[in-house]
Number of protein chains: 2
Amino acid sequence: MQNSLKAIFPNFSSELIATIEENGSHQDFKSGTILMRTGQYIKNTVLITKGKIKIYREGEDGGEFLMYYLQPGQACAISMICTTKSEKSQIMAKVVEDVSVMMIPLQMMDKWMMEHRSWYEFVIETYRSRFEEVLEVVDNIAFRSMDERLEFYLKRHSDACGCSEVKLSHQEIATELNTSREVVSRLLKKMEQRGLVKLNRNQIELLNTNFTN
Amino acid sequence: MQNSLKAIFPNFSSELIATIEENGSHQDFKSGTILMRTGQYIKNTVLITKGKIKIYREGEDGGEFLMYYLQPGQACAISMICTTKSEKSQIMAKVVEDVSVMMIPLQMMDKWMMEHRSWYEFVIETYRSRFEEVLEVVDNIAFRSMDERLEFYLKRHSDACGCSEVKLSHQEIATELNTSREVVSRLLKKMEQRGLVKLNRNQIELLNTNFTN
DNA sequence: AATCTACAGTAACATTTATCACAGAAGGAT
DNA sequence: ATCCTTCTGTGATAAATGTTACTGTAGATT
């Protein structure tokens, strides 16, 4: 256990790892579990050691909008921020691949910030990278049209999984981009005609990862 | 001077105020000055003591997109985040009302985080509130159409200045929402017909601040 | 094999937003 | 007062996106 945590969070000091083992509680969740809801109070910070969690925003009409994914070695920035004052969550977190996490009680946050340099740096870096990621999301919806956003979305996915096949239905993609299935189908078809992708049932193969044209 | 800082940042401890006075440099900037550009390296954290700074994202085509405003008693979250590793800025910061600021050299950031509880809390709270604000921006562009976004925009403005008159041209508003002047003119006209605003040259008067209908 | 269901394709149409073109109005400068 | 510039209003049109409706197909179920 100690070994695995150290492997996943290589920058953590040994003392920090030990402290985490001591105070955190290890938990597993199945794909589909909703870990956090908008408006819910947060009592833990979450460190991901296995699997994938989707962080998204929910519209009043029930529409979803993907913000980013959390993967092993990462932590939920929102939970860190809100934790310090036990604020309400502003986002939804859903498990999309069975996960293992360490739940860190909120009281530890402030304490460790002072006591563990490597925790402090991890937290700051988490804030920074998530903030940047969200800014990129803003860019996309503010300045780009749906076809560009779709390309960006597929690229992000293949980057995340490290493979060129994206295993999602058009409906799922549409939901995450907050558009309709028909629009996604149309645009994908156009991309196929341009030779950028190959379409199969429940699977999109990226032919030209570097389609910046 | 000591007095004024304490008045603007009431939660800062006296020792922190003294430290800021000692290490920060007081500077003034005229309206229109660009304090930070995308891609620029950041070497200071900025505390605003007077005036207003606009934080926005710039598209490749030169389009702007308003993120939020910084006002007295606030600090630039981006500069704090980037500062810790002297990262590049991801946003633009432009003075929109003559400002006075305290520039804090980046080396101080980490040091004060450990030494001054009130600084630590201020930084965390700044992260949190800005993150939330950006999430709200995402909501708006992801889920809402232009007429709703325009209403929200006007509301934010009147909230910020504390008055019901928004002194902006249609062109300026269009720029910040990344749309065109004609669209703004048309939507405003409709709002006027619905009795929500009164239109004058370079000025929009909100008649019904609570237009959630 | 027959049936069922989720997924994908596509045409037709509605709506929203962007763009072009131009006219008039307000206020400052001469 | 006249001229100039900026701001505003509005129609016509184009483009992008959303919606409705329907068809076909692959794979699962029976």
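Residue numbers begin at 1 in each chain, while the letters A, B, ... track the order of the sequences.
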* Structure fact -> residues 44-81 of chain B vs ring pair (Phe, Tyr, Trp, His ring centres under 6.0 Å), sequence neighbours excluded, gives Y69(B)-H157(B)
* Does any N or O in the side chain of E151(B) come within less than 3.5 Å of the main-chain N or O of E148(B), such that one atom is a donor and the other an acceptor? -> no
* To do: Using a heavy-atom cut-off of under 4.0 Å over every strand shown, decide if S145(A) touches base, sugar-phosphate, or nothing.
  => sugar-phosphate
* To do: Please state how far atom NZ in K190(B) lies from atom P in dG11(D), giving the value in whole angstrom units.
  => 12 Å
* Spacing of F143(A) atom CZ relative to dT17(C) atom C1', expressed in whole Å -> 17 Å
* Assess the side chains of Q40(B) and T38(B): does a donor N or O sit below 3.5 Å from an acceptor N or O? => no
* Structure fact -> In whole angstroms, the gap separating C1' of dG18(D) from CG of L177(A) amounts to 14 Å
* Would you say the side-chain atoms of N140(A) pair up with the backbone N or O of E136(A), donor to acceptor, closer than 3.5 Å? -> yes
* Asked: Atom CG of D147(B) to atom P of dT16(C): distance rounded to whole Å?
  -> 8 Å
* Side chains of R181(B) and S185(B): donor-acceptor distance under 3.5 Å anywhere? -> yes
* To do: Using atom CG of L150(B) as one end and atom P of dT16(C) as the other, report the distance to the nearest whole Å.
  => 15 Å
* Asked: Quick one: do the N11(B) and S118(B) side chains pair a donor with an acceptor below 3.5 Å?
  -> no
* L187(B) has an atom CG; how far is it from atom C1' of dT15(C), in whole Å? -> 13 Å
* How does protein contact run along nucleotides 5-12 of chain C, one letter per nucleotide 5' to 3', with B for base contact, S for sugar-phosphate only, - for none, heavy atoms under 4.0 Å? -> -BSBBB-B
* Length of the line joining M191(B):CE and dG9(D):P, which is rounded to integer Å -> 13 Å
